[in-house]
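To keep things clear, I will list the structure first and then write my remarks on it.
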Amino acid sequence: MTTVLRQRVESTKANLKKKTKPSGWVIPKQSATFADPDKWSNIDADVTPIERRTWTSLTVLGFWVSDAMNAQGWEAPSSIISVGLTWRESVYCIILGSLIDTIPLMLNGAVGAHLHVPFPVAVRSSFGFYFARFAVIVRMVTALFWHAIQTYTGSTAMTQCIRAIWPSYLDIPNTIPASVGITTQEMVSHFIFWSIQFPILLTPPHKLKWFFWFKAVVVIIASVGTVIAMTMKAGGIGDIWNQPYEVHGSTRSWLIMSSMMSVAGGWATMATNVPDFTRYLAKPQGVYWQGFFLPLISIILGLFGIISTSSAKVVYGEYIWDPLTLAAQWHGPGGRCGAFFVGFTWVVAQIGTNLSANVISAFNDLTNLFPKYINIRRGVIIITITAGWIMVPWKIVYSATSLVSFMSGLSIFLCPIAAILTTDYWLVKKRNIDVPSLYRRHARYRYNHGTNWRAVIAFVCSVVPNIPGLAKAVNPSISVSAGIEHVYDMNYLYGFTSASFLYWSLSYFWPAKETLLAACIYEDLAIIDGVEYKNDGVHTPQPVVESEVSSETKWQG
């Protein structure tokens with residue numbers, strides 16, 4: 001036993017010594033890869049291996065339950081009702097906003113399901129090998145901020161769990177200066193939640209389906225329980241259903257449109273990077289179920305929020321949209337028991353949302369930007385430390401309303417990326433992609449110096465008209481003309497359709513002929529030491545006979 005411990009200590013010391021130099025962090029090169037011979041790739045950035053394609057249609061359902069069922073989804077109707085609309089418009093906006101997003105979700109999801117590559121690789125087909133990095137960075141920044149916000153929301157759920165067991169927890173003396181923006185008790189809750197979340201985030205995506213289903217069961221039970229409990233306390237469902245219209249005419253029409261776009265914009269990140277998840281599907285057909293799952297889950301959770309909030313007005317004299325603030329009103333043995341389970345539910349919910357919407361997206365970006373040094377595990381560590389602590393999430397949540405508005409407005413940047421990816425795959429390339437070339441700097445998708453100018457023009461023309469409206473949303477004191485402001489009121493529809501139409505038009509009249517194929521290419525031949533090997537990007541290259549060689553797919557390795 002002593003010998004074993006000594007060997008482990010010596011091994012750890014040697015490993016730590018290696019890590020003092022950059023060369024000690026280099027990840028071993030993959031033998032089964034399409035990357036250039038002098039460049040790194042790794043299993044997390046390469047084509048998804050067969051054994052990792054474990055997702056089914058039911059996994060996709062569990063994934064969307066995990067992603068959509070969070071505290072923000074429960075509160076979704078509140079922002080719509082607060083601007084003067086009624087619960088009816090709230091329901092319409094949630095359904096239609098979700099349906100708008102299902103179009104790129106299904107179409108871009110098919111890219112990952114058919115090619116089994118992540119978003120940072122798939123986007124090279126339309127943006128070019130180097131300009132694709134811009135799209136990846138935009139998406140990664142968005143994921144980091146939302147990871148920070150969702151993590152701090154989870155820490156407020158942890159507070160409810162702890163105070164339900166030890167009510168005096170809320171009375172912990174504060175020793176942190178006010179300028180920090182957080183109290184001692186809140187910092188403790190944040191640290192505990194982050195510590196619980198951290199090891200779960202290290203789980204590889206292809207092993208997450210059971211966690212998704214666990215979250216689905218827990219959240220549905222707790223949500224239904226909350227609705228029943230509040231309805232019984234109120235002796236009915238309250239009066240929110242009888243609220244009169246507070247706005248009329250064209251103002252009401254534009255509010256409905258902007259609220260619908262707000263719902264659609266909330267899913268802009270997922271509509272863009274959905275190949276990161278659908279790459280794990282065993283059968284591509286499962287991707288199309290998203291068109292049914294997302295609107296259904298969103299409206300169910302939104303209705304739960306409306307009913308509970310309406311009942312809260314009767315019981316507590318005010319509309320309480322936040323389910324955790326609602327649980328904070330419950331006292332006594334029975335009330336604290338309920339508060340504990342609600343808190344536990346939203347702890348699980350926020351971890352699940354961080355997994356499905358933020359962490360997997362961000363580590364895919366890091367892995368593809370720095371494949372020589374970063375894999376899934378290292379990427380998760382960097383991301384969760386950055387978002388959970390370095391970005392100071394409590395200040396984002398409490399004191400930066402304009403920043404949160406800006407984060408919602410980031411859909412104007414993500415929307416054209418999703419539109420260009422969709423249009424390129426389905427209309428321009430007609431689903432015929434050279435997968436090996438997606439991994440090589442000087443191959444088919446290099447375009448002009450690594451940039452597809454068609455994507456640049458489509459992106460700029462989609463984004464620029466939305467910027468004045470975004471600026472006014474962040475800072476209402478800014479004055480812009482009504483016409484240009486209304487473009488932002490329909491930002492997702494305008495952004496998607498304009499980028500898609502422009503990219504298709506430019507590709508039709510000035511096609512990049514070298515990228516247009518008659519069939520999809522999934523593998524190629526490598527010549528190593530004079531011997532030809534078949535390379536599918538998944539398995540170790542195998543020797544082949546001359547009859548299998550195709551001049552179209554040869555490359556020198």
Side-chain angles (χ1 to χ4, degrees), residues 55-76 146-147 149-165 189-190 192-203 205 207-232 270 277 293-294 296-309 311 320-330 334-360 384:
W55 285 28
T56 64
S57 299
L58 287 177
T59 310
V60 173
L61 172 60
F63 169 82
W64 278 110
V65 171
S66 177
D67 190 54
M69 287 197 163
N70 53 58
Q72 284 71 27
W74 182 283
E75 299 171 29
W146 283 121
H147 181 27
I149 293 169
Q150 298 281 12
T151 296
Y152 191 70
T153 302
S155 70
T156 62
M158 181 58 67
T159 295
Q160 290 305 312
C161 289
I162 300 174
R163 77 92 185 171
I165 302 173
S189 294
H190 184 69
I192 293 173
F193 175 80
W194 184 88
S195 300
I196 293 173
Q197 175 181 249
F198 180 67
I200 298 175
L201 297 183
L202 293 171
T203 308
K207 296 181 180 179
L208 285 173
K209 59 182 180 179
W210 297 114
F211 181 84
F212 291 156
W213 278 110
F214 172 69
K215 173 184 171 177
V217 172
V218 169
V219 173
I220 290 172
I221 291 175
S223 297
V224 172
T226 300
V227 170
I228 292 174
M230 290 305 302
T231 303
M232 291 179 64
M270 290 303 305
F277 309 97
F293 293 151
L294 176 59
L296 178 64
I297 296 167
S298 296
I299 194 58
I300 288 175
L301 196 62
L303 285 172
F304 284 163
I306 292 173
I307 295 171
S308 296
T309 300
S311 300
I320 301 176
W321 286 98
D322 182 356
L324 299 170
T325 302
L326 188 64
Q329 312 301 315
W330 302 346
R336 294 208 312 272
C337 180
F340 173 84
F341 284 110
V342 169
F344 173 76
T345 294
W346 295 113
V347 164
V348 174
Q350 296 309 111
I351 293 175
T353 298
N354 264 334
L355 267 171
S356 55
N358 303 318
V359 175
I360 293 176
T384 195

Problem - Atom CZ of F341 with >12 non-hydrogen neighbours under 6.0 angstrom - result: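 For F341, atom CZ is not crowded (no more than 12 foreign heavy atoms under 6.0 Å).
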Exercise for the section: Quick one: closest heavy-atom pair of S57 and F293, and the distance? Expected result: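 In terms of heavy atoms, the two residues are closest at O-CE1, 3.8 Å.
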Handout entry: Exercise: identify the closest heavy-atom pair between V347 and C161
Key =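 Taking V347 first and C161 second, the nearest heavy atoms are CG2-SG, 4.4 Å.
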Inter-residue atom distance [X].[atom1] - [Y].[atom2], 0.5 Å rounding:
X    : Y    : atom1 : atom2 : result
L61  : W213 : CG    : CH2   : 4.0 Å
L301 : L296 : CG    : CG    : 11.0 Å
N358 : T353 : CG    : OG1   : 8.0 Å
F340 : T345 : CZ    : OG1   : 9.5 Å
I306 : I299 : CD1   : CD1   : 6.5 Å
I300 : I220 : CD1   : CD1   : 7.5 Å

With a 4.5 Å heavy-atom cut-off, do [X] and [Y] have their side chains touching?
X    : Y    : result
I196 : M158 : yes
V342 : L326 : no
L201 : H147 : yes
F193 : T159 : no
P323 : T226 : no

Practice task
Measure up the W74 and F304 rings against each other and bin them: parallel (under 30°), tilted (30 to 60°), perpendicular (over 60°).
Solution key: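 Tilted.
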Exercise for the section: Assign the ring pair F211 / F214 to parallel, tilted or perpendicular, where the plane angle (0 to 90°) is split at 30° and 60°. Expected result: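 Because their plane-to-plane angle lies in the 30° to 60° range, the rings of F211 and F214 count as tilted.
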Just by distance, do the side chain of [X] and the backbone of [Y] share a donor-acceptor pair under 3.5 Å?
X    : Y    : value
T203 : I200 : yes
Q160 : T156 : no
W194 : T384 : yes
S155 : Y152 : yes

Practice task
Before giving the answer on side chain to side chain contact (heavy atoms under 4.5 Å, CB included), spell out for V60 and F277 the whole-Å C-alpha distance, their side-chain angles and the decisive distance to 0.1 Å.
Solution key: CA-CA 9 Å; V60 173; F277 309 97; over 6 Å; no
Problem - Residues Q197 and N354: side-chain donor-acceptor under 3.5 angstrom - result: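 Q197 vs N354: donor-acceptor pair found between side chains.
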Problem - side chain to side chain contact (heavy atoms under 4.5 Å, CB included) assessment of H190 paired with T151 - result: CA-CA 8 Å; H190 184 69; T151 296; 3.7 Å; yes
